[in-house]
Protein chains: 2
Amino acid sequence: MTKHDNRPLTLRDVSEASGVSEMTVSRVLRNRGDVSDATRARVLEAAKTLGYVPNKIAGALASQRVNLVAVIIPSMSNMVFPEVMTGISQILDETGLQPVVGITGYMPEKEEQVLYEMLSWRPSGVIIAGLEHSDASRAMLRAAGIPVVEIMDVDGTPVDSVVGISHRRAGQQMAQAILKAGYEHIAFLGTKMLLDHRARKRFEGFTETLAKAGVEIEDSDFYSGGSALAKGREMTRDVLNRSPDLDFIYYSNDLIGAGGLLYLIEQGVDIPKEMGLAGFNGVNLLRGLPQELATMDSCRLEIGRRAAEIIIERSGSETPQDPKRIVLEPKITYGDTLRVR
Amino acid sequence: MTKHDNRPLTLRDVSEASGVSEMTVSRVLRNRGDVSDATRARVLEAAKTLGYVPNKIAGALASQRVNLVAVIIPSMSNMVFPEVMTGISQILDETGLQPVVGITGYMPEKEEQVLYEMLSWRPSGVIIAGLEHSDASRAMLRAAGIPVVEIMDVDGTPVDSVVGISHRRAGQQMAQAILKAGYEHIAFLGTKMLLDHRARKRFEGFTETLAKAGVEIEDSDFYSGGSALAKGREMTRDVLNRSPDLDFIYYSNDLIGAGGLLYLIEQGVDIPKEMGLAGFNGVNLLRGLPQELATMDSCRLEIGRRAAEIIIERSGSETPQDPKRIVLEPKITYGDTLRVR
DNA sequence: CTGAAAGCGCTAACAT
DNA sequence: ATGTTAGCGCTTTCAG
């Protein structure tokens, strides 16, 4: 029998071509069990000649093992998640595990859909951004019987393990740093954050700490969509028109912060004397601005790495272990825009 | 019989819980064939109560259908590929198809690995960046018997279909625009492009066209790694130290262009009179710079959309059709940094 | 070291 | 409208 149509090749084709049983071919191709060098060579030869690519679907069904790790994140165009992915890949690359990404667009129903879709491929683990999920999503995660790591944020109740920073505390710390530097008339500019819980928590931590010091936010504004740099510019212009007495602006991300910085420099504002600025994320991309924007590292790479390590550690053992909780400590970079006045 | 361990639920569990045959349960869950409303309701109820998630591995093996499209790209931190992904998702979202991303890091061997890995899941199609692949990769693509779309670039010989722009022509057109505007002392700054074939082709098209007009590139430099903005700044400073007579710099991407722009503005250089600048990609992110950088749209979103459309169109029909070739025409945006002198 | 048999969980194709 | 049967292509398990 030879192969006449264009159905994909099977183990059987390799078996026939090499005169070795399917089982032994399988062993050779997976490097499992003892196979004589002669047999191994014949099989490899045949597989290569035919151009055989194993069918992982069949393999996974038979072995009940899938080397996939589901990674579920809100967005890819964000500059923060690609870096998390890099961290995850760095660690998984050494093992046989492969990340598979799903994007939710910050929408809980979409998250539910994506999660369902990914779980139906029976991955070895799930890494998912945030702690806020629909009840159904949480139920699925629990029922899946695989390691789950929620990442980025630790302010809340995880399903299983969690790796991240406290965004609430990040907001608090930035508020403290700003107060300590002597600024008093403070505004907040950010994204509309109905669904970005981490931005919201930073905002809450920020205002809380100011309030405790008897300082009220004097102005704030929230945008959605468009180029962040341009938005930062516009919002900064507008907020200063409304509230000319401001001496500090805290931005919810570095990109709008950079827009504001560029605008203020053009206006001849003396930074950080007349006006201080800070962003969030520690976006390396932005090094090279006329002045370095104060910011706070969100530990993206490290979060990705640690999450992947947890998945590896657990996908090995059969019995579920105690959930891990890893809280990273972001550091403030003062740059040129947040200095004692 | 009830379920006592934590093995994942199967169709059989739903079947027993609802008192309906596995086959009918399967039909309900897939919305296929006629099922009475009463039965449907009972099945749905049972599935929901149990928290059943279908096993796509088994489904795919049985039906020989996989709703996955492999997308293979060099990088995600690049700002160009996330946008391609967005285009792909926009189109695939309406069908049942799901993109699955693999990253190659611009390394041919890694590409081969990733491709092998993805093909072993028997996806419905492949979208892969570039036209340059190892012989083995090309062989796999051909042998897979599924629609393949190579994207971004059209200068070369595709395996099957192709959607992109001519980077060679993009370089040529920018050269023409620069010459027409009256610039004569031109430098090129870019990334090390041994493996970025598209950047190389732009460079070649650029120098060719200049050469035809009797103009030689007066200086050039290539970087790798680090923050693009900062690199653009440094390289611009250095190239002007070496070649103070320059009146135009063509950057291989918008980000280093932006770095150069910021540097030159600080130096009080009159742009575009004393010095003209242009980048490449049409990165929307950068709107909001003090001056708008001249650039050329690389049609990323459209490329993603068209590629996805081709996959959909073909993954339906059984017989392979003629390869498609879609050449998009990027337009120059002159911005504030490329003007007739 | 190699092979044969029995599924993995689902769906195509055929009954009824 | 619903059920039955026979695999999908591989790996596990058990025999040689």
Worksheet entry | Cationic N near anionic O, under 4.0 Å, A:Lys110 to B:Asp93 | yes
Worksheet entry | Between CG on residue B:Leu194 and NE2 on residue B:His197, distance to nearest 0.5 Å | 9.0 Å
Worksheet item: Are the charged groups of A:Asp322 and A:Arg314 less than 4.0 angstrom apart, N to O?
Response: no
Practice prompt. Determine yes or no for a side-chain-to-main-chain donor-acceptor pair under 3.5 angstrom, with B:Ser315 supplying the side chain and B:Ile311 the backbone.
Written response: yes
Worksheet item: How long is the line joining CH2 of A:Trp121 and C1' of C:dC10, in whole Å?
Response: 12 Å
Discussion item. Any side-chain N or O of B:Ser21 below 4.0 angstrom from OP1/OP2 of D:dT2?
Written reply: no
Worksheet item: Which whole-number value in Å describes the distance from A:Asp34 CG to C:dC1 P?
Response: 5 Å
Practice prompt. Could you tell me whether the side chain of B:Thr95 and the main chain of B:Ile91 form a donor-acceptor pair under 3.5 Å?
Written response: no
Worksheet item: When you check the gap from the basic side-chain N to the acidic O, do B:Asp160 and B:Arg325 get nearer than 4.0 Å?
Response: no
Worksheet item: Looking at side-chain heavy atoms only, is the closest gap between A:Pro108 and A:Ser137 below 4.5 Å?
Response: no
Worksheet item: Of the residues in residues 39-51 of chain A, which ones touch DNA chain C at a heavy-atom distance under 4.0 Å?
Response: A:Thr39
Fill in: Student check: side-chain heavy atoms of A:Val84 and A:Ile151 closer than 4.5 Å
yes
Worksheet, complete the sentence: Reading nucleotides 5-16 of chain D from 5' to 3' and marking B where a protein heavy atom lies under 4.0 Å of the base, S where only the sugar-phosphate is that close, and - otherwise, the string is --BBBBBB----
Item to complete: Check whether any side-chain N or O of B:Ser36 sits under 4.0 Å from OP1 or OP2 of D:dA1, and answer yes or no.
Response: no
